Number of protein chains: 2
Amino acid sequence: MVGIREIAKNAGVSISTVSYALNGSSKVTEETRDRILAIAKELHYTPNIAGRTLKKQKTNIIGMYVTDFGGEFYSHMIDGVASVLKQHHYELIVGTGGGRSRSFISQRFVDGAIILDANFTDDLIHNYADDGSKLVVMDREMKNKNVRHVLLDNAEGARQAIAALNDANVDHFVLVTGPTDSFDSRIRLQAAIKQVEQMTGKTILVIPSDFTIAGGHRAAKSIIEMSLHNIGIFALNDEMAIGLYEEFTANQVIVGQYVKIIGFDNDMLGQYLRPQLTTVDYSKHHWGEVAAETLISLLEGDKVDNQFIHTKVIHRGSLGESQN
Amino acid sequence: MVGIREIAKNAGVSISTVSYALNGSSKVTEETRDRILAIAKELHYTPNIAGRTLKKQKTNIIGMYVTDFGGEFYSHMIDGVASVLKQHHYELIVGTGGGRSRSFISQRFVDGAIILDANFTDDLIHNYADDGSKLVVMDREMKNKNVRHVLLDNAEGARQAIAALNDANVDHFVLVTGPTDSFDSRIRLQAAIKQVEQMTGKTILVIPSDFTIAGGHRAAKSIIEMSLHNIGIFALNDEMAIGLYEEFTANQVIVGQYVKIIGFDNDMLGQYLRPQLTTVDYSKHHWGEVAAETLISLLEGDKVDNQFIHTKVIHRGSLGESQN
DNA sequence: TTGTAAGCGTTATCAA
DNA sequence: TTGATAACGCTTACAA
């Protein structure tokens, strides 16, 4: 490990001069700066971040916490986060709150964090925030001076889904839910029910499920047993919609005709179903960008509000739409 | 930010006593320890990692670098890495070498790193290693005292793929490659050619492509134009195989009959094709585990060799196999 | 323009 | 068993 002392010795100057030179201060002559820079390069000098952090009390690193690293879901979002942070000269590290790396927040290893991770309880987040950490949450509502939420407009998406089913002239509305402890599921369900009631007054059947493909299988079995006609299913996420497809197909129930399905999330797999899955979409990249911008405003002391991300329906055929 | 000084003041002891108590040293009486711990808790004390790092010259954090966060490919691998690191009390952070976070390595922000990221050049990795960083690479061969590679046995996988095609009694072998700068592609291609020659002496057609779905489309078009009969295609990754499927299907060429396809990687999407894609599989989770174990051995100064991960063929129907 | 020295929060050596 | 103090690598106010 070569540090500024060694460079100073080699250059025949003091460590402060080295520090000034390295940080581009105008206090040193161009000549000494060049000399020092050359020596630093020759010695493969890289600043020790621990030393700097200790002094500056700031790492310029942002932590992002996700429940797991699975799936393309997070991919675009993280890209969005990273692109904005880069512009503002922040570095991004990604971890999962399940590990101990969440302690990076309280240890000030990160200047702030973006949380989309069920491993964090609300209480824990409040504790961090009350100790002064600046946070953005993407999977829950939260009211705290040091926290902002950047949320998908789940209610809007649910209303759009119901409207789309209604446009497809279904007679029965079936809602397949996620787990009860899911914030997204609760909001989507609530908004969907309300929308059906306001829009149509038709019957609503709620099938509790769990956001998984297997959950979709089970839901499809229940639906088949009831042998209703002309039903429209709003699967509160696409994974379950895939499960529904698989089970219906196995039972010769044709999606888009006897049963109409709309999902939520625009999972890539939906494009590989036949007919392709109609779903509620939103830009994950944009969501990430907004989260990052919000966190930076928070860090820089700017006034900033909670944010919402808009949704829209992508029609692909599973409501019986004609495809071009 | 409450530190050990403040705790010391509250407890009426010196900072060193606090440090001992906090670190569970047997030098302090149980009584004072308990008192100090209680005060620390009350004050919401969390150790400042920069201070500790500066003193210990060790962070207990491992960095993992991936090209992008996309897809389920990395997901299982990272899980494998994380599980092993956890056992050894290391923390994992994940970044991409495209950003500046790769400087964490030279800055000693991480004790070691696992690299599976085309953003790093071989030279850069050598530089880090020559400066003393311990590294494991998963996407290239590398000979350096401080580096080990943990690689997929690409050659074995390619031989298995060719053997499977041969068992399916194809007359022509078509190889669809990845980009020429891909290490995986080069090894797979080389081993596949050799295996065809040794096993059969039949004709080999190599179609250069790029590991993408679009590349698969283009390759399929070339193949259709040639109107050969009874051909077996080894797509050097599954994404291209998906592209092949799509294009063949659009041209009424039935996969598993007129054309037989085997892929590589066991991408999840392969299960959604009809017939399902036969492919060369390997455990990504295990791969990650081995990489982590290798890095830890390297960090602890244990003697450790380069490692290889085995492959096997999963038969699903795209070679015309009968499915149960 | 350059140097001296204090201080960031922690650990660890040595003395008491 | 506890305390005083140096040290880790860096930045920065102040002195020269």
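Numbers restart at 1 for each chain; the letters A, B, ... are given by sequence-line order, proteins then strands. Remember, it's a predicted structure, so these values are computed and weren't measured experimentally.
- Partner of H126(B) under the side chain to side chain donor-acceptor pair (under 3.5 Å) criterion, out of T121(B), N144(B), D131(B): N144(B) alone.
- Between dT2(C) and T32(A), a contact under 4.0 Å exists linking OP1 or OP2 to a side-chain N or O.
- Contact annotation: S14(B) side-chain N/O to dG3(D) OP1/OP2 distance is under 4.0 Å.
- Judged by distance alone, with hydrogens and angles left aside, Y20(B) brings a side-chain donor or acceptor within reach of the base of dT13(C), the pair sitting under 3.5 Å.
- The pair D111(B)-K134(B) fails the salt-bridge criterion, with no side-chain N (NZ, NE, NH1 or NH2) lying under 4.0 Å from an Asp/Glu carboxylate O.
- Residue contacts shown for T53(A) are absent, as no nucleic acid heavy atom lies under 4.0 Å away.
- Per the geometry, CZ belonging to R33(B) stands 12 Å off C1' belonging to dT1(D), to the nearest Å.
- In this structure, CD1 of I7(A) is placed 14 Å from C1' of dT11(D), rounded to the nearest angstrom.
- No close placement of the Y65(A) and F104(A) rings is indicated, their centers lying 6.0 Å or farther apart.
- Nucleotide dC8(D) holds its C1' atom 14 Å from the CD1 atom of I4(B), rounded to whole Å.
- Taking 4.0 angstrom as the limit, Q57(A) places none of its side-chain polar atoms (N or O) nearer than this to OP1 or OP2 of dG7(C).
- Proximity of N48(A) to the phosphate of dC8(D): no side-chain N or O atom is located under 4.0 Å from OP1 or OP2.
- Counting non-hydrogen atoms of other residues, nucleotides and ligands closer than 6.0 Å to CD of E30(B) gives a total of 12 or fewer.
- Here the side chains of I296(B) and I62(B) are not in contact, with every heavy-atom distance at 4.5 Å or above.
- Residue T29(A) is in sugar-phosphate contact alone, with no base atom involved, counting any heavy-atom pair closer than 4.0 Å across all strands shown.
- Distances shown here put every side-chain N or O of R52(B) at or beyond 4.0 Å from the OP1 or OP2 atom of dG9(C).
- At least one donor-acceptor pair under 3.5 Å links the side chain of R148(B) to the backbone N or O of K145(B).
- The phosphate of dG3(D) has neither OP1 nor OP2 within less than 4.0 Å of any side-chain N or O from S16(B).
- For K55(B) and dT10(C), a side-chain-to-base donor-acceptor distance below 3.5 Å is absent, hydrogens and geometry of angles not being considered.
- The interatomic distance linking L54(A) (CG) with dA6(C) (P) rounds to 17 Å, in whole Å.
- Nucleotide dT1(D) holds its P atom 12 Å from the CD atom of E31(B), rounded to whole Å.
- If you measure from atom NZ of K27(B) to atom P of dC14(C), you get 11 Å, rounded to the nearest angstrom.
- Protein atom CG of L22(B) is 15 Å distant from nucleotide atom C1' of dA12(C), rounded to whole Å.
- Here the side chain of W287(B) pairs a donor or acceptor atom with the backbone of V150(B) at under 3.5 angstrom.
- Remark on DNA chain D: of its neighbouring residues G51(A) and S26(B), the 5'-side contact belongs to S26(B), judged by nearest-heavy-atom nucleotide.
- Nearest heavy atom pair, residue G112(B) against residue L295(B), reads C-CD2, 4.0 Å.
- The strand DNA chain D forms stems, runs of 3 or more Watson-Crick or G-U wobble pairs with distances below 3.5 Å, at C:1-16 with D:1-16.
- Checking T17(B) against R5(B), the closest nucleotide of DNA chain D that is more toward the 5' end is the one next to T17(B).
- Rounded to whole angstrom, the span from the NZ atom of K58(A) across to the C1' atom of dG7(C) amounts to 20 Å.
- Across all strands, I15(A) comes closer than 4.0 Å to base atoms (heavy-atom distances).
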